[in-house]
K.L.:
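Before we start, here is the structure in question, set down as C-alpha cells.
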Protein chains: 2
Amino acid sequence: MTAPDRSILKSLPMFAQLNDAELDKVAARAASRRLAPGSVVFGQGDAAEHFFVLVHGRLRVTQVTPQGEQIVVRMINPGDLFGLAKALRRSTYPGTSTAVVESLALSWPMTDWDAMVAHHPAFAASTIQTIGDRLQDAHSRIREMSTEVVERRVGHMVLRLAQQSGKREAEGIRIDFPISKQDLAEMTGTTLHTVSRILMAWEEAGLVDSGRQKLLVKDPHRLLLIADGLQPGLLG
Amino acid sequence: MTAPDRSILKSLPMFAQLNDAELDKVAARAASRRLAPGSVVFGQGDAAEHFFVLVHGRLRVTQVTPQGEQIVVRMINPGDLFGLAKALRRSTYPGTSTAVVESLALSWPMTDWDAMVAHHPAFAASTIQTIGDRLQDAHSRIREMSTEVVERRVGHMVLRLAQQSGKREAEGIRIDFPISKQDLAEMTGTTLHTVSRILMAWEEAGLVDSGRQKLLVKDPHRLLLIADGLQPGLLG
DNA sequence: CCGTGTCCTTGCGCTGGCGCAAAGACGGCG
DNA sequence: CGCCGTCTTTGCGCCAGCGCAAGGACACGG
C-alpha cells in the first residue's frame with residue numbers, strides 16, 4: 001500500500017504524456033497493492049471507493065446472479081484500467097475482481113475520478129477506449145451467443161484468450177495463466193461438461209492441448225475455421 | 001441537412017452547460033437530418049464519417065453476421081449519442097442504424113471528434129456515460145443469455161423496453177414504437193416462433209396485449225416475477 | 001509417500017426450444 | 001373494396017446440450 005514510483009506510471013499509456021511534475025502529483029495520490037493468487041481486489045456490491053490500473057499479473061472479473069449462478073465477465077490484463085464504477089454511474093462495483101496469478105495493481109481514491117477525467121484528456125480518452133473495447137467485446141459475445149452453437153462459441157473464446165494473453169511457444173500458443181474448464185464454461189454460457197467434451201474432441205484432432213488449468217492452442221488456423229463455421233465441428 | 005438551431009442543442013444534456021457563443025460554434029459544424037421510417041442513417045461497414053445525436057424519434061441498430069443472421073444491438077432513444085465509431089477506435093460503423101418512426105438527428109463530421117472530447121469535458125463525460133450505459137446493458141444481456149431460459153430473457157427485454165420507451169396508458173405501459181416478434185427474437189437470441197408462443201401464453205394470462213408490431217404491458221409486476229424466476233413460466 | 005481436495009472425464013437419459021411447414025390475420029394501397 | 005405483402009400463429013418432429021451421477025487423475029501439503 002505504498003506510493004508507486006514515477007517510472008511505473010510513465011510506462012502506462014494513459015500517463016505517458018504527463019511531465020514529471022504531473023506524474024509525481026498523480027503518483028502521490030496512488031497506492032500500490034501486491035495481490036496473491038486467489039486474493040480479491042474488490043467484491044461485487046462493495047462501495048466503489050477506488051479505481052485501479054493493473055501493472056502486471058492477471059485478474060478475473062466475475063458476477064454472480066441472484067440465483068447464485070456465476071459468470072466470468074472478463075480477464076484484466078497488464079495496463080488495463082479497472083474498477084471504473086464511476087464511469088458506469090454506479091456507487092458499488094458490479095463484479096468481483098480476483099487475482100489468478102501473483103499481480104500488482106495501482107489504486108486511486110474514486111474521489112479523484114472527476115478531476116482525473118477533467119484535467120488529463122489522455123486519461124479521459126483512455127477511459128473511453130477501455131470502455132469502448134469492452135463494449136465491442138461484449139457485443140461480440142452477444143452476437144456469438146445469439147447465433148452460434150456452443151462449439152463455435154468456445155472456439156472464438158479460446159482464440160480471443162490466445163490473442164489477448166497468449167505466449168508463443170514451440171508447440172503453439174499457450175494461455176499464460178491458469179484457466180479451468182469451468183472458467184471457459186462461464187465465459188461462453190455453457191457447462192463445464194460440454195467444454196470438457198469439446199476440448200477432448202479438439203485434442204484428439206490435434207488442435208489443442210489441454211490439461212488441468214492448462215491450455216495450449218496448437219493449430220489456431222484450423223480452430224478459426226471451426227469457430228467461423230467454415231469447417232464442421234468435431235463433436236458428436 | 002441544414003444547420004440546427006442553438007436551442008435544440010441547448011436541450012441536450014451534453015451541451016447544456018455551454019454558453020451561447022460556444023453553442024453557436026458547435027451548431028455551425030452540425031447538420032440536421034430528417035429520417036423517414038425505414039430509412040438508413042448509416043450502414044454496417046460504411047466509413048464512419050459522422051457522429052450523431054438523436055433529437056426525436058427512434059432508431060434500431062442491427063448487425064448481420066458473416067453467416068447472414070441478424071441481431072438487434074440496441075434501440076436509440078431521443079437524446080442519445082450514436083455512431084461513436086471513433087470511441088471504439090473503428091474507422092467503419094459496426095452496425096446499421098435504421099429509423100423505425102419519423103425521426104430527427106444531428107450530425108457532426110468525425111474529424112471534429114477529438115476536438116469535441118478535448119474542449120468540452122461535458123461532452124467527454126457524456127460519451128463515457130453513454131458507452132458505460134451500453135456496456136452495462138450488454139453485460140445484462142450476456143448474463144441473461146448465459147443463465148436464463150428463453151421465457152425469462154424475453155421477459156427482461158420487454159420490461160427494459162417498457163422502461164426505456166414505455167408510455168403510461170390506462171391499460172398499462174405501451175411500447176411507443178412499432179416492434180415485431182422478429183425484433184424481440186433478435187434482441188434475445190431466440191426465434192420469432194418462440195417469442196410468438198411466449199407472448200401468446202402471457203396474453204392468455206392477462207400479462208400483456210400484443211398484436212401486429214404492437215406491445216402493451218398490462219401487468220409489469222407479475223411479468224417481473226416471471227423474468228426474475230420467482231414465479232414459474234407460462235409455457236408448456 | 002500417502003491422503004485429500006480440486007479439477008476433469010465420460011456415460012446416459014431427457015427436454016427446451018429450434019427448424020420446417022402451412023395457414024391465418026391485419027393493414028395499406030391502388 | 002379487394003388484393004397483396006408482411007407479420008403472426010400453431011402443429012410437429014428432432015436433436016444439441018443440459019443435468020445427473022460416478023469414477024479418475026493430478027497437485028499439493030503433511
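Just so it is clear: chains get the letters A, B, ... in the order the sequence lines come, proteins before strands, and each one is counted from 1. Computed from a predicted structure; not experimentally measured.
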K.L.:
Send over the distance from H193(B) NE2 to dG24(C) P, rounded to a whole Å.
P.N.:
17 Å
K.L.:
Between C1' on dT10(C) and CD on E203(A), what's the gap in Å once rounded to a whole number?
P.N.:
15 Å
K.L.:
Does the pair E169(A)/R174(A) count as a salt bridge with the N-to-O cut at 4.0 Å?
P.N.:
yes
K.L.:
Given atom NZ of K214(B) and atom P of dG28(C), what is their separation to the nearest angstrom?
P.N.:
8 Å
K.L.:
Please give, in whole Å, the distance from dC26(D) P to D209(A) CG?
P.N.:
13 Å
K.L.:
When I179(A) is tested against each of K214(A), Q213(A), M187(A) for side chain to side chain contact (heavy atoms under 4.5 Å, CB included), which residue passes?
P.N.:
M187(A)
K.L.:
Measure from the side-chain heavy atoms of T194(B) and tell me the nearest of dC26(C), dC18(D), dC18(C).
P.N.:
dC18(C)
K.L.:
Choosing from dG17(D), dT9(C), dC7(D), which nucleotide comes nearest the side chain of S210(A)?
P.N.:
dT9(C)
K.L.:
L199(B) CG to dT8(D) C1': how many Å, rounded?
P.N.:
11 Å
K.L.:
Could I get the full list of side chain to side chain donor-acceptor pair (under 3.5 Å) partners for D176(A), not counting sequence neighbours?
P.N.:
R58(A)
K.L.:
Please pick, from dT10(C), dT8(D), dA27(D), the nucleotide with the shortest atom-to-atom distance to any side-chain atom of S196(B).
P.N.:
dT8(D)
K.L.:
More 5' along DNA chain D: S180(B) or E69(A), using each one's nearest nucleotide?
P.N.:
S180(B)
K.L.:
Would you say that more than 12 heavy atoms from the other residues, nucleotides or ligands in this model lie under 6.0 Å from the CD of Q163(A), or not?
P.N.:
no
K.L.:
Starting at CG of L235(B) and ending at P of dT15(C), how long is that distance when rounded to a whole Å?
P.N.:
16 Å
K.L.:
Could you check how far CD of Q182(B) sits from C1' of dG19(C), rounded to whole Å?
P.N.:
14 Å
K.L.:
Considering just the side-chain nitrogens and oxygens of T190(B), establish if one lies under 4.0 Å of OP1 or OP2 belonging to dG17(C).
P.N.:
no
K.L.:
Check the orientation of F52(A) and Y93(A). Use parallel for under 30°, tilted for 30 to 60°, and perpendicular for over 60°.
P.N.:
tilted
K.L.:
Please report, rounded to the nearest Å, how far the C1' atom of dC18(D) is from the CG atom of L192(A).
P.N.:
12 Å
K.L.:
Can a donor-acceptor pair under 3.5 Å be found between the side-chain atoms of R197(A) and the base atoms of dT9(C)?
P.N.:
no
K.L.:
Between dT9(D), dT8(D), dG17(C), which nucleotide gets closest to the side-chain atoms of R212(B)?
P.N.:
dT8(D)
